[in-house]
Amino acid sequence: MDVAVGIVGQRGNERAQGLAASLAETLERSGRDGGETAVVVDEATGEAVDAPACPVDEMDDRDLVVSIGGDGTLLFVAREVGPTPILGVNLGEVGFLNAVAPKDAVDVVTDLVADYRETGAFEGRELARLEATSEGADWTLEPALNEIVVHGPRRGPGGGATVEVRVDGGRYAASHADGVLVATPAGSTAYNLSEGGPLVHPTADALVVTQMAAADSMPPLVVDPDTELSITISDSDTGYAISDGRNRRRLDPPATVTVSVADEPIRLVGPRGDFVSSLEKLD
Ligand SMILES: NC(=O)c1ccc[n+]([C@@H]2O[C@H](COP(=O)([O-])OP(=O)(O)OC[C@H]3O[C@@H](n4cnc5c(N)ncnc54)[C@H](O)[C@@H]3O)[C@@H](O)[C@H]2O)c1
Ligand SMILES: Nc1ncnc2c1ncn2[C@@H]1O[C@H](COP(=O)(O)OP(=O)(O)OP(=O)(O)O)[C@@H](O)[C@H]1O
């Protein structure tokens, strides 16, 4: 069976680009008898190592996409390819979302592709994503793997707003605050953690709501993924809804944003890092 693989190296990271090149070469060599393994890399890497390349968002029809970099590169790949199976190789400063060490990358990926050729499936796990929509649904942010943030004009002094959070229609919190975030288990170790939210084990099917610098703060709230969450910003001239720190929408207060689980999850494949031991990466 032929297998199509995409490889994304962290932009500007020569080590990532070199590993992408050697992985591409090994994969193409390994797939001869059982079927072809067609490999493309992202355009920045293709230019650096002179390999067949395509835009990352055109890799969504591949059987597997390998992300080589840190969390941000994996988040970027997830934004671009959605539910296409992704394997993360950790070359970043933190690399919380990437389970495979660079030294193991070629063996892990070639074994994974060989198994896929036999079984037609990857062992992996789905990670829920979050979607932020305006009241009246006249806009929707790109799905977030980590969190949705809704905040006032800016972080810090003079940047707050009145932020009301409703849970299944009931008022959970209303306070002058910088904002509020809703995080997935995967995102509980990111912005949520730096705002004092709880860690959520990746096997827990839950979301967490954490206020940001609230004057009258409530404890962070863990909810079922099906909970109806709405966040209203008022008493400020502007505000923002932000998905994974990268995709943002300006708000015109008073404005209400609803946050729900997106239809399509992310599919991470390959060895699952041990969550508790990977917490050391956060030191
Ligand atoms: N704490 C803050 O003030 C702040 C501000 C912006 C973004 N962020 C986080 O960064 C994420 C976007 O990452 P990026 O790389 O595109 O932005 P970035 O370049 O600002 O990197 C943010 C840092 O967060 C780390 N990170 C990202 N996801 C993580 C996760 N799930 N667990 C642990 N650490 C994680 C990254 O490795 C990086 O060190 C956002 O989803 C948000 O969680 C935090
Ligand atoms: N191959 C690529 N093509 C286009 N953009 C890329 C590519 N790799 C990374 N990026 C951009 O860089 C951002 C992540 O860069 P960043 O420097 O934060 O890397 P990282 O993976 O988080 O590693 P680190 O942990 O070292 O910060 C992504 O959000 C994306 O916008």
Side-chain angles (χ1 to χ4, degrees), residues 6-21 23-24 40-49 51 53-59 65-81 86 88-100 102 127-130 132 141-151 154-156 159 178-202 207-208 210 212-213 240-248 259 266 268 273 275-283:
I7 304 175
V8 180
Q10 180 186 5
R11 187 169 47 190
N13 182 328
E14 286 174 13
R15 204 173 149 220
Q17 291 164 349
L19 181 52
L23 180 56
V40 287
V41 299
D42 65 276
E43 291 172 309
T45 300
E47 229 172 271
V49 302
C54 80
V56 179
D57 64 359
E58 290 178 14
M59 295 182 182
V65 179
V66 179
S67 171
I68 304 176
D71 299 312
T73 301
L74 188 128
L75 290 168
F76 162 68
V77 170
R79 285 194 292 272
E80 299 293 309
V81 307
I86 300 172
V89 176
N90 183 29
L91 266 187
E93 286 156 34
V94 178
F96 201 82
L97 297 170
N98 300 305
V100 178
L127 300 185
R129 292 194 290 180
L130 296 174
L141 277 184
E142 274 189 24
L145 177 52
N146 276 343
E147 80 286 306
I148 296 289
V149 169
V150 179
H151 72 52
R154 73 196 71 79
R155 294 292 328 251
D178 279 10
V180 66
L181 66 84
V182 181
T184 62
S188 70
T189 46
Y191 208 165
N192 168 67
L193 186 59
S194 57
E195 290 299 322
L199 291 174
V200 181
H201 196 280
L207 306 176
V208 60
T210 299
M212 301 156 77
Y240 294 89
I242 307 169
S243 165
D244 279 356
R246 297 273 169 165
N247 179 238
R248 65 176 50 216
V259 178
I266 290 302
L268 282 192
F275 176 69
V276 173
S277 50
S278 32
L279 293 176
E280 285 159 22
K281 294 181 187 176
L282 301 174
D283 293 342

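Atoms within a ligand are numbered from 1 in the order they appear, just like the ligands themselves.
Protein heavy atom in closest approach to atom 11 (C) of ligand 2: Arg11 NH2, 3.6 Å. Nearest protein heavy-atom neighbour of atom 26 (N) of ligand 1: Asp71 OD2, 3.5 Å. Protein heavy atom in closest approach to atom 2 (C) of ligand 1: Tyr191 CE2, 3.3 Å. Ranking protein heavy atoms by distance to atom 38 (C) of ligand 1, first place goes to Val94 CG2, 4.7 Å. When only non-hydrogen protein atoms are considered, atom 25 (O) of ligand 2 lies nearest to Glu93 N, 3.0 Å.
For ligand 2, the atoms lying closer than 4.0 Å to a non-hydrogen atom of Arg79 are 29 (O). In the vicinity of Gly72, heavy-atom distances shorter than 4.0 Å reach the ligand 1 atoms 14 (P), 15 (O), 16 (O). Per-residue contacts place Leu75 under 4.0 angstrom from the following atoms of ligand 1 (heavy atoms of the residue considered): 12 (C), 13 (O), 28 (N). Against a heavy-atom cut-off of under 4.0 Å, Thr189 is close to the following atoms of ligand 1: 30 (C), 31 (N), 32 (N), 33 (C), 34 (N). Those atoms of ligand 2 that come under 4.0 Å of a heavy atom in Asp42, given as number and element, are 1 (N). Atoms of ligand 1 lying under 4.0 Å from at least one heavy atom of Phe96, given by number and element, are 32 (N), 33 (C). With ligand atoms numbered from 1 in the order given, ligand 1 contributes 40 (C), 41 (O), 42 (C), 43 (O) to contacts under 4.0 Å with heavy atoms of Glu147.
Any N or O atom pair closer than 3.5 Å counts here, and Gly70 shares at least one such pair with ligand 2. Of the polar atoms of Ala44, none of the N or O atoms is found under 3.5 Å from an N or O of ligand 2, judged by distance alone.
No part of Glu195 comes within 4.0 Å of ligand 1, judged by heavy-atom distances. For Ser194, every heavy-atom contact with ligand 1 shorter than 4.0 Å involves the side chain, none the backbone.
For atom 20 (O) of ligand 1, the nearest protein heavy atom lies 4.0 Å or farther away. Protein heavy atoms are found less than 4.0 angstrom from atom 40 (C) of ligand 1.
Residue contact annotation: Val8 has a non-hydrogen atom under 4.0 Å from ligand 2. Contact between Gly9 and ligand 2 is present, with at least one heavy atom of the residue lying under 4.0 Å from the ligand. Residue contact annotation: Gly70 has no non-hydrogen atom under 4.0 Å from ligand 1. Taking 4.0 Å as the cut-off, Glu43 does not count as a neighbour of ligand 2 on heavy-atom distance.
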(request) Decide yes or no on side-chain contact (heavy atoms from CB on, under 4.5 Å) for Thr73 and Ile68, but give the supporting numbers first. (result) CA-CA 7 Å; Thr73 301; Ile68 304 176; over 6 Å; no
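Between Gly46, Ala53, Gly72, it is Gly72 that holds the heavy atom closest to atom 14 (C) of ligand 2. When Leu97, Asn13, Thr73 are checked for heavy-atom proximity to atom 9 (C) of ligand 2, Thr73 turns out nearest.
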